[in-house]
Amino acid sequence: MTLIAVDVEMRGRWGVGGVATDESLVRLPIIRDPRTGRPWIPGASVAGSLRHHLGDVAEQWLGAPPGGYEQATGNADRTPSRLAVLGGIVAAAEVDEVTSTSVDGARGAAAGRTLRTAELARPTKVTLAFEHAGSHDEDLLRRLAEWVPVFGRGRSSGLGRGEVRQVRVVTADLAGDDGLAWWLRDRQAWFSTGSAPEALVPRAPIEGSAPGTAALAQDFIVVEPIHVGSGGRVLVGGREHLDIQMIGTAAVIPGSSWKGLFRHRCRMILEAVGASQVQADGVTAWLFGSLESGRGRLSFADTVVTHPGFSHQTHVSIDRFTGGAMDGALFSTRALNRGHRLPLRVEWESGSFPDAVAGLLRHVMWDLHEGLVSVGGMGSRGYGWVRFASGDQGRPGPVDLAALVAEVPLAETEAAS
C-alpha cells in the first residue's frame, strides 16, 4: 500500500462552506472539524479539485464522475476509485467574520437588503492525504506536484487557492511484519510528522512545480484614504469609528471589492463602445461569472497591506430641509491612509491572457488612475482614489469589442439573453 501526502500552503483566505441555520450567528459559516474546532477541508472538496486537474487520467484514479439521482435495486455493480482521498489535515488557523454587501451600480452605494456575513480562515498549511494499493506511480506524483488546488467558495474573488510545496510518499509491504506493524500503528502520524523507517521510504519528496498562471499585475498608490468597511467598529481616541477590513494587524482590500469594481466598470465601457445588452451581458458573465453560466474566467486576489497606517475622519449627514447638520448623524471612520502601495493581481483561468480582455481591464485601471472610479466606499466624500505607482504607463488602445464577443461561448451568450 502507498500513502501520499501533499503539503499545501494556503496563501490567502479560504473557507469551505457549511450549512447556515436559523440559529446561526453568521449566514455563511465554514465547516469545522468537530474534534479540534479547526477549519476543515472534506475529502469531497479535495477530490473535486483534483479531478479537474487530472483531466484525461481522472477516471483512472478517481473513477467515473458522480451522476444524478439513481434508484438501485441492490444488484448494481460498483467499482471503487483506485485512489482513496482521505481528506485534509489543517494546521491551526484563525477564523474571521467578514461582512460585505452588494453595490447598487446606479447609485454607487450599498444595495438594500444585501448585507451578509461570512466566515473565512486565514492563510495556513494543509496536508492532503491519499492512499492506493500497489507501489507509487511516478506520473501521478508528477501531476500532484503540478496541481494548483482550490477549495471552497469565492474562487473568482481570490479565495481558496493553495500552492503545493512538496509531495511525500511512502510504500509499506503489508505481507511483512515490519510493514504491517507500521501500517497499523504509525501511518496516521506519518502524514503530519513524516517519520517512517528508512526501509519504507523508497522515493524522495518531490518539490511542487505548478505552472505559472497568466496574470495581469499593477501597483497603485493610495491618493485618498480607502475605506472598505468591515461592518464593525473600533475605539480610537475615545470615539467609535467605522472599521475597515483587517486580517490580524494587516489591512486588506478583498478580491471581491476589486471584482465588483471591475465588473461594473467593464460593463459601462462595453456599453460606451456600442455593445448591445446581450453582448454586454454575455461578455460580463464570461469574465466575471453569473448564476446562469457559473464561475467567471477572471480571479481577483486580495490586496494585503502588512504595516498599515490609518486616517481617522469625522462626518455628519446634512438635513436637506434646514441645510444644517442632522441630529444624531455624526459618525467617524477609520481608513487606509494615503501613500500606501497597493499591488493588484488579476489571474486568467487557464492558458494565456487574451489581448482583448487585457485591453478592457487596462481601461478600468486607467479610470482608477484618473479618479473616475473609487476603491471602497464613500467615494463622493473624498475616499478611494488611487494612482499608478509608476508614471510611465501607456494608455491602452481601443477596446476590441468584436474580439471579446467572439471569445464568449455561445451557451453563455444564450444564458445572458
Side-chain angles (χ1 to χ4, degrees), residues 1-11 14 16 40-67 77-91 124-152 155 160-176 178-180 182-184 186-213 349-351:
M1 295 291 294
T2 294
L3 298 180
I4 301 173
V6 181
D7 296 324
V8 175
E9 184 174 350
M10 304 299 292
R11 301 298 299 272
W14 61 280
V16 181
W40 184 42
I41 301 177
S45 296
V46 177
S49 177
L50 182 58
R51 180 182 294 278
H52 178 75
H53 169 68
L54 291 179
D56 58 335
V57 300
E59 290 197 22
Q60 172 187 336
W61 286 103
L62 297 174
D77 185 19
R78 305 294 187 195
T79 303
S81 60
R82 181 180 175 190
L83 182 68
V85 182
L86 306 181
I89 304 170
V90 181
T124 189
K125 295 181 180 179
V126 178
T127 297
L128 306 177
F130 306 88
E131 72 177 31
H132 66 81
S135 301
H136 68 269
D137 183 280
E138 286 293 333
D139 179 67
L140 175 63
L141 299 181
R142 177 185 59 80
R143 290 174 184 264
L144 289 173
E146 297 172 350
W147 184 20
V148 181
V150 184
F151 305 119
R155 301 182 185 191
R161 186 178 296 271
E163 183 176 312
V164 174
R165 288 305 189 186
Q166 68 173 356
V167 178
R168 298 178 283 119
V169 58
V170 60
T171 301
D173 182 3
L174 305 191
D178 293 339
L180 181 60
W182 180 84
W183 180 266
L184 296 175
D186 300 321
R187 62 171 167 154
Q188 184 175 355
W190 174 80
F191 285 109
S192 55
T193 66
S195 60
E198 189 68 27
L200 299 181
V201 188
R203 180 67 168 85
I206 304 173
E207 296 298 318
S209 57
T213 305
E349 183 183 52
S350 61

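All residue numbers in this chain count up from 1 along the given sequence.
Of the possible polar contacts, none joining the Arg187 side chain to the Ala172 backbone as a donor-acceptor pair under 3.5 Å is found. Judged by distance alone, the side chain of Arg155 and the main-chain N or O of Gly152 form a donor-acceptor pair under 3.5 Å. Thr193 places a side-chain N or O within 3.5 Å of a backbone atom of Ala189 that can act as its donor or acceptor partner. Side-chain atoms of Arg168 never come within 3.5 Å of backbone atoms of Arg203 as a donor-acceptor pair (strictly under, hydrogens ignored). In this structure, the side chain of Arg165 does not engage the main chain of Glu9 through any donor-acceptor pair within 3.5 Å. Side-chain atoms of Thr2 come within 3.5 Å of backbone atoms of Gly134 as a donor-acceptor pair (strictly under, hydrogens ignored). Under the 3.5 Å distance criterion, the side-chain polar atoms of Ser49 are matched with a main-chain donor or acceptor of Val150. Remark: the backbone N or O of Ala84 is not paired with any side-chain donor or acceptor of His132 at under 3.5 angstrom.
Taking 4.5 Å as the limit, some side-chain heavy atom of Leu62 sits within range of a side-chain heavy atom of Val85. A 4.5 Å side-chain heavy-atom check between Ile4 and Glu131 finds every atom pair outside the cut-off. Between Phe151 and Val126, the closest side-chain pair of non-hydrogen atoms is not below 4.5 Å. Counting heavy atoms from C-beta on, the side chains of Leu50 and Phe130 come closer than 4.5 Å. Taking 4.5 Å as the limit, every side-chain heavy atom of Val164 sits out of range of all side-chain heavy atoms of Asp7. At least one side-chain heavy atom of Val90 sits under 4.5 Å from a side-chain heavy atom of Trp14.
Checking Thr171 against Ser135 by side-chain atom types alone, no donor-acceptor pair falls below 3.5 Å.
Atom CD of Gln188 sits in a sparse spot, with 12 or fewer heavy atoms from other residues, nucleotides or ligands closer than 6.0 Å.
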Start with the C-alpha distance between Phe191 and Leu86, add both sets of side-chain angles, then the distance that settles side chain to side chain contact (heavy atoms under 4.5 Å, CB included), and finish with yes or no. CA-CA 11 Å; Phe191 285 109; Leu86 306 181; 4.0 Å; yes

Begin with the C-alpha distance, continue with both residues' side-chain angles, and end with the deciding distance and a verdict on side chain to side chain contact (heavy atoms under 4.5 Å, CB included) for Leu140 and Leu83. CA-CA 10 Å; Leu140 175 63; Leu83 182 68; 4.3 Å; yes

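Scanning both residues, Ile41 and Ser45, for their nearest heavy atoms gives CG2-CB, 4.2 Å. The two atoms that bring Val16 and Pro42 nearest to each other are CG1-CD, 3.9 Å, heavy atoms only.
With respect to the salt-bridge test (charged N to carboxylate O, under 4.0 angstrom), the residues Arg142 and Glu146 qualify. No salt bridge links Asp137 with Arg143; every basic N to acidic carboxylate O contact stays at or beyond 4.0 Å.
Taking the six-membered ring where tryptophan is involved, the planes of Trp182 and Trp190 are perpendicular, since the angle between them exceeds 60° and thus also 30°.
Checked against Val148 for a side chain to side chain contact (heavy atoms under 4.5 Å, CB included), the options His52, His53, Arg161 give a single hit: Arg161.
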